[in-house]
Amino acid sequence: MATETNEPKEKSLNFLEEIIEESIAKGNTRVQTRFPPEPNGYLHIGHAKSICINFGLAKKYGGKCNLRFDDTNPVKEDVEYVDAIKRDIKWLGFDWAIERYASDYFDQLYDWAVALIGKGLAYVDDQTQEQIRENRGTISVPGTVSPWRNRSVEENLDLFMRMKNGEFADGAKVLRAKIDMAHTNMLFRDPIMYRILHTEHHRTGNKWCIYPMYDYAHGESDSIEQITHSICTLEFDVHRPLYDWFIQSLEIFPSHQYEFARLNLTYTMMSKRKLLKLVQENAVMGWDDPRMPTICALRRKGYTPASVRAFAEMVGVAKRDNIIDLSKLEYCVREDLNKIADRRMAVLNPLRVVITNYDAQKTELFSAVNNPENEAAGTHQIPFSQVIYIERDDFMEEPPKKFFRLCPGGEVRLRYAYLIKCEEVVKDAAGNITELRCTYDPMSGSGSSSDGRRVKGVIHWVSAKDAVEAEVRLFNPLFTKENPDDVAEGQSWEDNLNPDSMVQITGYLEPSLRETPIGQAVQFERVGYFCPDLESTPEHLIFNRTVTLKDSWAKINK
RNA sequence: UGAGCUAUGGUGUAACGGUAACACAGCAGAUUUUGGUUCUGUCGUUCCCGGUUCGAAUCCGGGUAGCUCAACCA
């Protein structure tokens, strides 16, 4: 009886899940991943994808995901970033098995370097940075061997120890792996393992003046933590052979690296280095400026963690370069907010309306549902009086044929309140509309009308004397270029900055909006989703636009 | 001009030799106390050329295009 078509369709696996399931099939049932940020900046939506992948995979296969800070370069790193990163991961809804730092492994890493020297696989090089660069060759021409490459094990051991002891200045010497200066993979041309940096480290202080490079530290850290699946982005693909080389040379736990394509979003800059520059040059208000793609900025704008997770799920995981429509992210946010956000009325571009046959002294309260999609959300009261504001866009003196809202002689429903009819348009000397004079149907309060007529147009409004004035910020993409990361040579991001990325206006809000908690988005009817800003106070409300509604009425104008 | 990675609708992601699917965007319509939400319909010669096969997005050969790599960054 049960037909095949009714069977729930099995969700297909992404390539990482396939790799894991294959290894499980071979008997390797343990799954251990890690999320390894460098604490040199704030996490952004691209990291959110990586977090969802790493924590998601671990959860799906009954494994664990570690948080490991890749803090091998003290000149760029800071505890400020460590704290922010932890906060953002938690906000996204994930928790790590253990928290580690590459710097926890500095002693072990040093011992392993000594072992590699002992095996004749590493040597101390006295060449200058420039000489090393020149002798590395290029992509098509082989490198040149260092004159120091054949030092004895004893001499290397002695020199490396003295490097550690602080006998040499920054840049005087480096420790290099001895591999192949003619290798087609540039990373195999005797990669640098340690450099001298007389810099205080945010965790180890002044204990070390030599610091391991990424290639030497990362795989080993994975190995120490017995990571089974070390997942990173595509640009690390060329590093994998070196990752394997160190692990094999050291004969330690064989972690493996797998690469996926990083997330790109239209009109969004994703390069951490460039984002830092935006902050440093005050092009934005800070890392959590609502125009930034950082997780803390999304939080400030009122995005929900669930919507970001849904987005990560929706974009999938693959190995080809991609650029995802920003509309996809916004869809995920709206989808979530549609279900949970309360509706409120707010007028952002006010037009004064006087209801001539309504008692000037009177105030009525109308009951409005908080969320038509969720009855349990309840209702709230909205004051109504003789003078109200409506949206300027909701009135047209000469309406096109399919315009359903207010026009001279026309009638609309004020949401939750009366039907009103426009009797007169008041203009100033310059011909600008300054006020509408309308009459209302006293019998139309509960959704009915005195004679059973119905109108097609329903508009939002606020009572002028009860309205709360608030700063409302409308955010648009920071960049006009579809892919701002991809700037031409010699061109800077400034050329692509959108001058209208932030528009600040004064809005008139219904009084209940005073009680909206910071960071919680509500829907302003027909306008979009907004949430109170961090800097909002009861005396001075600031609302940020979270995301717009689908703007289907705009096309009626064109 | 070396090596590696990747090619499926406007954008993403599936299909694992058997009639190319899902989502977003777009377009059209229905419902609606907001034109939102919800619902329905619609949109493709799988980068190219050749081969294997009854049958190819999938396998093989050869092209082409895009991306990555020449920090004492990660």
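None of the values given here were measured: they were computed from a predicted structure.
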Identify all pairs in which a protein N or O lies below 3.5 Å from an N or O of nucleotides 67-73 of chain B, and state each distance.
{"residue": "B:C67", "atom": "O4'", "partner": "A:D321", "partner atom": "OD2", "Å": "3.3"}
{"residue": "B:C67", "atom": "O2'", "partner": "A:D321", "partner atom": "OD2", "Å": "3.3"}
{"residue": "B:C72", "atom": "OP1", "partner": "A:R136", "partner atom": "NH2", "Å": "3.3"}
{"residue": "B:C72", "atom": "OP2", "partner": "A:R136", "partner atom": "NH1", "Å": "3.2"}
{"residue": "B:C72", "atom": "OP2", "partner": "A:R136", "partner atom": "NH2", "Å": "3.1"}
{"residue": "B:C72", "atom": "N4", "partner": "A:Q127", "partner atom": "O", "Å": "3.3"}
{"residue": "B:C72", "atom": "N4", "partner": "A:Q129", "partner atom": "N", "Å": "3.1"}
{"residue": "B:C72", "atom": "N4", "partner": "A:G171", "partner atom": "O", "Å": "3.0"}
{"residue": "B:C73", "atom": "OP2", "partner": "A:R195", "partner atom": "NE", "Å": "3.1"}
{"residue": "B:C73", "atom": "OP2", "partner": "A:R195", "partner atom": "NH2", "Å": "2.8"}
{"residue": "B:C73", "atom": "O3'", "partner": "A:R195", "partner atom": "NH2", "Å": "3.2"}
{"residue": "B:C73", "atom": "O2'", "partner": "A:N73", "partner atom": "ND2", "Å": "3.0"}

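Both the sub-6.0 Å distance and the 45° axial angle are satisfied by A:R203 relative to the ring of A:Y101.
As a whole-Å value, the separation of A:N322 CG from B:C24 C1' is 14 Å.
Residue A:V75 is out of contact with every strand shown, counting any heavy-atom pair closer than 4.0 Å. Backbone-only engagement by A:I324 is indicated by non-hydrogen atom pairs under 4.0 Å involving sugar-phosphate atoms exclusively.
Distance from the side chain of A:S12 is smallest to B:A14 among B:A14, B:U11, B:G2. Side-chain proximity of A:I323 to the nucleotides B:A23, B:A15, B:U11 is greatest for B:U11.
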**Complete:** Intra- and inter-strand pairing of RNA chain B, written as dot-bracket with Watson-Crick and G-U pairs under 3.5 Å and | for the latter, reads .((((((..((((....[..)))).(((((.......)))))....(((((..]....))))))))))).....
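If you check the side chains of A:R273 and A:N40, you find no donor sitting under 3.5 Å from an acceptor.
Each of A:R320 and A:M314 lies near RNA chain B, and the nucleotide nearest A:R320 is the one positioned closer to the 5' end. Where A:Y331 and A:R415 meet RNA chain B, the nucleotide closest to each residue was compared, and A:Y331 sits on the side nearer the 5' end.
Using a 4.0 Å cut-off, no side-chain N or O of A:R343 falls inside it from OP1 or OP2 of B:U37. In this model, the phosphate group of B:U32 is not approached by any side-chain N or O of A:R454 to a distance below 4.0 Å at OP1 or OP2.
Comparing the P positions of B:A74 and B:A3 gives an interatomic distance of 28 Å, to the nearest angstrom.
With its glycosidic angle more than 90° from 0, B:A57 adopts the anti conformation.
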